[in-house]
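Below you'll find the structure I mean.
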Amino acid sequence: MAVETADDRLILLSTDDFGVTATVTPSGGASSNIKVIFDNEYIEADIGYAGVQSTQPKFLARSADITSLTEGDTAVINSTTYYIQTIQQDGTGMSEVFLRVAS
């Protein structure tokens, strides 16, 4: 059985298909451009007697491309600046990065 490589994972993020380019900047570091799949999913949170409606911006990236990022760093996607909230590695070399809009 073949093992998926970093190059294989990069094909998944191709800007010819669903991927976009994100400019990520770690605190005190230099910015870099990486390929991601961006999603701004609509969500509704139930808080008891009422629901709160919102969106949850996030992106999927190769874990190797975001090793220097932590909570509070920034990502610019489609001309919008976001702060990184949480990074969840999935154990396959990919990570889901949850964002909030910079205000």
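Treat the numbers as computed from the prediction; the structure is a model and nothing was measured. One-based numbering along the sequence shown.
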Hey, what do you get for CG (Asn78) to OG1 (Thr80), rounding to the nearest 0.5 Å? 6.5 Å
What verdict does the side-chain hydrogen bond (donor to acceptor under 3.5 Å, both in side chains) test give for Thr23 and Ser31, after you've listed the backbone C-alpha separation in whole Å, the side-chain angles of each residue and the deciding distance to 0.1 Å? CA-CA 6 Å; Thr23 303; Ser31 63; over 6 Å; no
Any idea which heavy atoms bring Tyr83 and Ala102 closest together, and the distance? CE1-CB, 3.4 Å
Side-chain heavy-atom pair Ile34, Ile66 within 4.5 angstrom cut-off: yes
Decide whether Leu10 and Val20 are clustered together by the hydrophobic rule: side chain heavy atoms of Ile, Leu, Val, Met, Phe, Trp, Tyr closer than 4.5 Å, transitively. no
Short question: side chain of Glu96, backbone of Ala61 - any donor-acceptor pair under 3.5 Å? no
What are the two closest non-hydrogen atoms of Lys35 and Thr21, and how far apart are they? NZ-OG1, 3.6 Å
So, do Leu13 and Arg62 sit near enough that their side-chain heavy atoms are less than 4.5 Å apart? yes
Going from NZ on Lys58 to OG on Ser95, what distance comes out if it is rounded to the nearest 0.5 angstrom? 13.0 Å
Residues two or more places apart in sequence or in another chain: which of them pass side chain to side chain contact (heavy atoms under 4.5 Å, CB included) with Asp90? Thr92, Met94
Give the C-alpha distance, both sets of side-chain angles, the deciding distance and a yes or no for side-chain contact (heavy atoms from CB on, under 4.5 Å) between Leu60 and Val36. CA-CA 5 Å; Leu60 180 69; Val36 304; over 6 Å; no
Look at the side chain of Asp73 and the backbone N and O of Ile84, then say whether any donor-acceptor pair between them is shorter than 3.5 Å. no
For residues Ser68 and Pro26, report the shortest heavy-atom separation together with the two atoms involved. O-CB, 3.5 Å
Short side-chain to backbone donor-acceptor contact, Thr55 and Pro57, under 3.5 Å: no
Interatomic distance, OG1@Thr67 vs CG@Leu69, rounded to 0.5 Å, equals 7.5 Å
With sequence neighbours excluded, what pairs up with Tyr82 under the ring-ring contact (aromatic ring centres under 6.0 Å, His included) test? Phe38
Tell me whether Arg100 contacts the main-chain N or O of Gln85 through its side chain, where contact means a donor paired with an acceptor under 3.5 Å. no
With sequence neighbours left out, write down each residue that passes side chain to side chain contact (heavy atoms under 4.5 Å, CB included) with Glu71, or none if nothing qualifies. none
Side chains of Leu99 and Ile77: does their closest heavy-atom pair fall under 4.5 Å? yes
Is the shortest side-chain heavy-atom distance between Thr74 and Val24 below 4.5 Å? no
What is the distance from atom CZ of Phe98 to atom CD of Gln56, rounded to the nearest 0.5 Å? 6.0 Å
So OG of Ser63 and CD1 of Ile87: to nearest 0.5 Å the spacing works out to 9.0 Å
